[in-house]
Amino acid sequence: MDARLKTYFLRHGAAAEPGEWKKGSDFDRPLTDDGRERMAREAKAIRKLDLDLDAIITSPLARARETAEIVASALKITAIKEDARLGTGFDLGSLEEILQDHADAKAIMLVGHEPSMSSTIGRLIGGARVDLKKGGLACVDLPDASSRAGVLLWLATPKLLLL
């Protein structure tokens, strides 16, 4: 039985700048109007990739949650799961725990933040430097849900997704 796992890392879309956001905590900082519009366009491109996702798991922070909802809507996925481990402290240990919680999945999308998304992808693929832009999507192939070593299959910048 093939236990391989495609793990998609999606960085949230363009959000209000921290210094300009005065309506609440950083936890509540949303996508901008432009960020929502761009993510909706990117979500249409992501739909064309036919990722066949088993789950979308998102950081509970507002900007990531909004991003996940936009993508889930475009992919006609009804359930999004929030996971605090995808917040600001996301790392390889968090990734391993999340993937173990979804050990039966063949393809999973994680929606989160910088710099932890890029650094986790980098460590996962052997110490590479990765720069995941806002709205960027990376695909890492893992042997199984417990693996801490994978292969970067592709990284799509937001501009590429918007072509």
Side-chain angles (χ1 to χ4, degrees), residues 5-122 124 130-140 142 145 155-162:
L5 172 63
K6 293 256 186 343
T7 307
Y8 298 92
F9 296 84
L10 177 64
R11 183 176 172 194
H12 67 76
E17 291 299 321
E20 297 170 11
W21 174 246
K22 306 292 184 205
K23 297 181 183 178
S25 71
D26 186 59
F27 186 93
D28 300 319
R29 191 163 49 92
L31 296 177
T32 61
D33 290 342
D34 182 58
R36 279 187 287 281
E37 188 272 326
R38 289 176 61 96
M39 278 313 308
R41 288 179 32 220
E42 284 186 45
K44 289 177 184 175
I46 292 169
R47 182 178 62 221
K48 292 177 184 176
L49 296 173
D50 194 25
L51 305 180
D52 196 24
L53 296 174
D54 295 305
I56 295 178
I57 304 165
T58 184
S59 156
L61 279 69
R63 55 200 175 272
R65 174 73 189 194
E66 281 184 86
T67 299
E69 288 170 352
I70 291 167
V71 172
S73 177
L75 300 179
K76 298 185 181 358
I77 293 175
T78 56
I80 299 169
K81 186 170 188 174
E82 285 187 14
D83 194 317
R85 295 172 290 194
L86 279 164
T88 56
F90 180 65
D91 60 13
L92 275 180
S94 304
L95 174 65
E96 184 175 23
E97 291 172 5
I98 292 167
L99 296 181
Q100 285 297 316
D101 289 348
H102 302 275
D104 292 337
K106 300 277 187 216
I108 195 166
M109 180 179 283
L110 306 174
V111 184
H113 312 273
E114 281 300 282
S116 60
M117 291 291 274
S118 290
S119 65
T120 300
I121 294 167
L124 192 60
V130 174
D131 185 13
L132 192 61
K133 302 291 185 193
K134 289 179 184 172
L137 180 64
C139 177
V140 176
L142 297 168
L155 187 144
T157 64
K159 286 183 181 180
L160 181 62
L161 291 170
L162 291 173

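In what follows, residues are counted from 1 in the order of the sequence shown.
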Validation row: Ile98, Phe90 side chains within 4.5 angstrom (heavy atoms): yes

Pairs meeting criterion salt bridge (Lys or Arg N to Asp or Glu O under 4.0 Å) with involvement of residues 67-79, two or more places apart: Arg65-Glu69

Straight-line distance of Thr7 OG1 to Leu110 CG, nearest 0.5 Å: 6.5 Å

Heavy-atom side-chain proximity of Val71 to Val111 below 4.5 angstrom: no

Verdict with supporting geometry, Leu155 and Ile121, side chain to side chain contact (heavy atoms under 4.5 Å, CB included): CA-CA 10 Å; Leu155 187 144; Ile121 294 167; 5.7 Å; no

Non-hydrogen side-chain atoms of Cys139 and Lys6 separated by less than 4.5 Å: yes

Gap between atom NZ of Lys44 and atom CD1 of Ile70 - 0.5 Å precision: 11.5 Å

Closest non-hydrogen atom pair, Leu5 against Ala107: CD1-N, 3.9 Å

Gly87 to Ser59 - nearest heavy-atom pair and separation: CA-OG, 3.9 Å

Check: Ser118 side chain, Pro115 main-chain N or O, donor-acceptor pair, under 3.5 Å: no

Nearest-0.5 Å distance that lies between atom CZ in Arg85 and atom CG in Asp101: 4.5 Å

Check against side chain to side chain contact (heavy atoms under 4.5 Å, CB included), Leu124 and Leu92: CA-CA 7 Å; Leu124 192 60; Leu92 275 180; 3.8 Å; yes

Gap separating the CG atom of Leu31 from the OG1 atom of Thr67, nearest 0.5 angstrom: 4.0 Å

Polar side-chain atom of Arg11 near backbone of Leu132 as donor-acceptor pair, under 3.5 Å: yes

Closest non-hydrogen atom pair, Pro158 against Arg38: CB-NH2, 4.1 Å

Closest non-hydrogen atom pair between Arg47 and Ala74, with its separation: CD-O, 3.1 Å

Sub-4.5 Å side-chain heavy-atom contact between Leu137 and Leu49: yes

Heavy-atom closest contact (Ala84 atom, Pro60 atom, distance): CA-CD, 3.7 Å

Closest non-hydrogen atom pair between Arg29 and Ala15, with its separation: NH1-CB, 3.9 Å

Asp54 side chain reached by His102 side chain, heavy atoms, under 4.5 Å: no

Atom pair OG (Ser116) and CG (Leu95), whose distance is rounded to the nearest 0.5 Å: 11.0 Å

Side-chain touch Arg36/Asp33, heavy atoms, less than 4.5 angstrom: yes

Steps toward side chain to side chain contact (heavy atoms under 4.5 Å, CB included) verdict (Met109, Ile77): CA-CA 12 Å; Met109 180 179 283; Ile77 293 175; over 6 Å; no

His113 side chain reached by Arg63 side chain, heavy atoms, under 4.5 Å: yes

Distance (rounded to the nearest 0.5 Å) between Leu10 CG and Ile56 CD1: 8.5 Å

Any Glu66 side-chain heavy atom under 4.5 Å of Met39 side chain: no

